[in-house]
Amino acid sequence: MQLTDKAYAKINISLDILAKMDNGYHSLKTIMQTVALFDDITIVITRGNGFSINTDIPYIPDDDRNIAVKTAKAFYKHTGITGYHTNIKINKSIPICAGLGGGSADAACVLRILNVLHQTGLERKELEEISATVGSDVPFCIDGGTKLSEGRGEILTDLPSMPHCYVVICKPPFSFSTPELFSLVDIKKIRIKPDTDGIINALAVRDLKNITRRMYNVFEDIVPRGKIEIEAIKGTLLDNGALSAIMTGSGPSVYGLFDEKSKAQNAFAHLRSNYEECFITETI
Ligand code: C5P
């Protein structure tokens, strides 16, 4: 039996870090939004045992180091199902280590597919609980849309949908390690914060301008390198009519939100001439 589904990327409309928790994680307050950029995941289950993985990425481990395999194992452990070989095919379009939740999206998609293939009928809440054991951003990716994510990332509140906008994403040619970036956080030194509550109020009345005016990602003040390039990408997006431009997640990708497709296309064309990993997409 086999099934294919789409694993959609996310952007952070706001990202605030509130405190360091006793378990070493940080408590967050972040609004997350699904965008139409996706990886394709196909799972084939046959009688047997073990896992295999095929991707269009040159080297990818087929054990627990791969978040898709780790997630499949968590599903089988939770459900007690045995006696299957699980082959996971991943066709990547979402850039890796980019702040776009590519790995988390793949993991959530694996859970959704296995839930259908094995007819386990697990509800969204239960899938979110399993997914929280493999990564902090995975619970959001189970259902996606527009959500407030708190705690480590596992406390989710549905928000009114983001008004439709075009999204231009640009990943500069370097990456940050998420644990490294979190290790650099000094809560007392965070000066600029997003107005997350203001964004939630603006979402309720679908006021895009008031949403974009309040966006910010506190990681932008923490990045250990590449700040000039990140600022330059933001500048290009804003110069071409972005309503707002910020870094997403733990970076380094920067995105701009546009209310007009032609402006988004212009921004994309400018960035594309300098950066290999640029995308023009939209909120969904
Ligand atoms: O949960 P995930 O594996 O995505 O987290 C990767 C790392 O990022 C964690 O080991 C932790 O160092 C850091 N992190 C954090 N607070 C969060 C999420 C992640 O400190 N809310």
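Just follow the structure's listing: the first ligand is 1, and inside any ligand the first atom is 1. Owing to the predicted nature of the structure, the values given are computational and were not obtained by experimental measurement.
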Ring geometry between F174 and F176 (parallel below 30°, tilted from 30 to 60°, perpendicular above 60°): tilted
Cation-pi check, K263 onto F258 ring (under 6.0 Å, within 45° of axis): no
With R214 as partner, the option from I199, I31, T196 fulfilling side-chain contact (heavy atoms from CB on, under 4.5 Å) is I199
What atoms of ligand 1 come within less than 4.0 Å of a heavy atom belonging to T178? 8 (O)
Nearest heavy-atom approach of K147 to L159 is C-CD1, 3.7 Å
Distance from atom 9 (C) of ligand 1 to nearest protein heavy atom, with residue and atom: Y25 CE2, 3.7 Å
For atom 16 (N) of ligand 1, closest protein heavy-atom neighbour: H26 N, 2.9 Å
In terms of ring plane angle, is the pair F182 and F219 parallel, tilted or perpendicular, where the classes change at 30° and 60°? perpendicular
Closest approach of any protein heavy atom to atom 13 (C) of ligand 1, naming residue and atom: F182 CD1, 3.3 Å
min-distance protein heavy atom vs atom 4 (O) of ligand 1 -> S136 N, 3.6 Å
Best match, G151, G135, P179, G249: closest heavy atom to atom 12 (O) of ligand 1: P179
Here the atoms of ligand 1 under 4.0 Å from any heavy atom belonging to L28 are 21 (N)
For M162 and I13 the tightest heavy-atom approach is CE-CD1, 3.9 Å
